[in-house]
> 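What follows is a structure written as structure tokens; I'll ask about it next.
So that the names make sense, note that chain A is the first sequence line, chain B the second, and so on, each numbered from 1. This is a predicted model, so every value here is computed, not measured.
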Amino acid sequence: MGKPARSGSLREAEDHDLAWAAARGDMEAFTALVRRHESQVRAFVARDGGREGADDVAQETFLKAWRMAGAWRGEGSYRGWLLRIAWTTLVSAKRRRRPEAGPAEAAHYDSTDARIDAGRALARLSEAERGAALLCFGHGHSHQEAATIMGLPLGTLKSMVARARTKLIDHLGETP
Amino acid sequence: MNETEIDSRLRALLAPPEEFPDEQFTARVRRGALAEDALRGARRRAWRRFGIELAGTAAVVIAFFALGRGDVAAAGEGLSLGPAVAGFALLAFWTLAALRPGAAGR
């Protein structure tokens with residue numbers, strides 16, 4: 001947590017080059033970006049929103065990214081920009097879906113016991129707490145980056161992470 | 001467990017699973033993006049065609065309106081633009097607009 005999202009790394013520099021090319025309408029560059037980030041975006045969407053429809057939300061995320069490619073300004077990481085789109089798409093999709101779909105199904109995304117346990121633990125969190133915890137603990141984003149992705153004030157985000165952490169620890173304490 | 005161990009455990013638990021790139025998903029997104037591009041292009045061409053046809057229709061209506069008025073001829077000293085000339089000019093505009101290369105998505 002609090003770790004910068006590999007700023008300045010070669011991979012991020014390549015992402016920026018590809019994103020600028022995609023902004024000029026380069027489909028090959030955009031395809032390369034999809035290839036680089038699809039597993040992270042799909043994992044985030046599936047763990048936060050449940051397996052059902054996760055790929056559809058992830059696909060919609062990338063299509064929005066293509067539509068909005070011209071709006072890319074090179075501020076922050078491309079992955080952060082994508083996750084912000086994914087988060088807003090996910091929240092909209094959840095509003096359209098039935099309310100019980102989501103956290104409870106997150107447990108089925110992964111097959112190992114640890115992952116199932118993580119799914120159960122995440123199911124206890126509110127939607128925003130889950131998103132904050134996944135971004136900060138799971139994806140290694142800083143509080144500031146997570147706040148930007150979720151469109152929240154930094155203080156609110158920090159409170160959410162702290163609450164999520166407490167709830168997760170409680171759950172972990174209950175499980176062997 | 002101390003704080004560091006707890007955070008490490010949370011990070012390990014919530015880390016996204018290691019997955020190989022899914023080429024099928026990538027191909028699906030690419031097809032979707034290409035389809036959106038094609039749809040956007042078709043929509044743009046349709047609107048352009050609609051605009052040209054609207055302008056052409058307006059030109060024809062104006063032409064017939066001008067033709068219907070017998071006293072439209074300009075009273076200038078040089079060339080006199082009678083209603084028939086005005087009508088032909090507007091019809092010529094319509095033809096040019098409709099036949100302009102690429103204007104109608106051809």
Side-chain angles (χ1 to χ4, degrees), chain A residues 1-3 22 25 27-28 30-48 55-56 58-67 69 109-112 114-115 117-122 130 133-140 161 164-166 168-169 171-173 175, chain B residues 1-58 93 96-106:
Chain A
M1 191 174 49
K3 182 177 65 178
M27 177 57 79
E28 296 308 317
F30 176 69
T31 305
L33 285 167
V34 175
R35 200 170 281 126
R36 278 166 167 248
H37 297 286
E38 53 92 9
S39 63
Q40 296 273 321
V41 170
R42 290 165 78 194
F44 174 67
V45 169
R47 297 194 87 181
D48 192 55
D55 275 4
D56 291 338
Q59 184 175 355
E60 181 59 24
T61 298
F62 282 107
L63 290 178
K64 279 184 184 172
W66 173 241
R67 255 175 258 149
Y109 177 58
D110 301 309
S111 55
T112 65
R115 297 292 181 190
D117 197 36
R120 286 189 186 131
L122 285 169
R130 201 163 45 247
L134 282 171
L135 288 170
C136 293
F137 292 112
H139 290 258
V161 172
R165 187 174 181 276
T166 305
L168 288 168
I169 291 168
H171 178 80
L172 292 175
T175 52
Chain B
M1 276 198 292
N2 62 31
E3 297 289 301
T4 313
E5 285 172 339
I6 288 171
D7 282 348
S8 299
R9 190 170 170 198
L10 287 179
R11 274 198 291 271
L13 204 60
L14 301 183
E18 290 292 330
E19 286 185 9
F20 294 107
D22 183 345
E23 283 302 323
Q24 280 188 333
F25 179 83
T26 304
R28 196 148 60 98
V29 171
R30 187 187 164 92
R31 277 197 304 275
L34 288 171
E36 276 204 1
D37 281 357
L39 187 66
R40 209 178 306 138
R43 196 179 292 136
R44 198 167 42 236
R45 283 194 298 276
W47 275 110
R48 197 168 160 185
R49 183 185 179 131
F50 174 73
I52 288 170
E53 290 186 352
L54 196 68
T57 304
F93 168 74
L96 284 170
L99 294 179
R100 201 171 64 178
R106 279 180 277 233

> List the steps, then state whether salt bridge (charged side-chain N to carboxylate O under 4.0 Å, His left out) holds for B/Asp7 with A/Arg165.
CA-CA 9 Å; B/Asp7 282 348; A/Arg165 187 174 181 276; 2.8 Å; yes
> How far apart are the closest heavy atoms of B/Ala15 and A/Arg47, and which atoms are they?
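Looking at all heavy atoms of both residues, the shortest contact is O-NH1, 3.2 Å.
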> Nearest 0.5 Å, please: how far is CZ in B/Arg40 from CZ in A/Arg67?
7.5 Å
> In terms of heavy-atom contacts, does CD of B/Gln24 have more than 12 from other residues, nucleotides or ligands at under 6.0 Å?
no
> Would you mind reporting whether B/Val29 and A/Phe30 have side-chain heavy atoms less than 4.5 Å apart?
yes
> Are A/His139 and B/Leu14 side-chain neighbours, meaning at least one heavy-atom pair lies under 4.5 Å?
no
> About how many Å separate CG of B/Asp22 and CG of A/Asp55, when rounded to the nearest 0.5 Å?
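Interatomic distance, A/Asp55 CG to B/Asp22 CG, rounded to 0.5 Å: 7.5 Å.
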> Can you confirm whether the side chains of B/Arg30 and A/Thr31 place a donor and an acceptor under 3.5 Å from each other?
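Short answer, yes.
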> Can you give me the closest heavy-atom contact between B/Phe25 and A/Gln59, atom names plus distance?
CZ-N, 3.7 Å
> B/Thr26 and A/Glu38: which non-hydrogen atoms are nearest, and at how many Å?
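So the minimum-distance heavy-atom pair works out to OG1-CG, 4.1 Å.
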> Nearest 0.5 Å, what's the CG-SG distance between B/Leu10 and A/Cys136?
11.5 Å
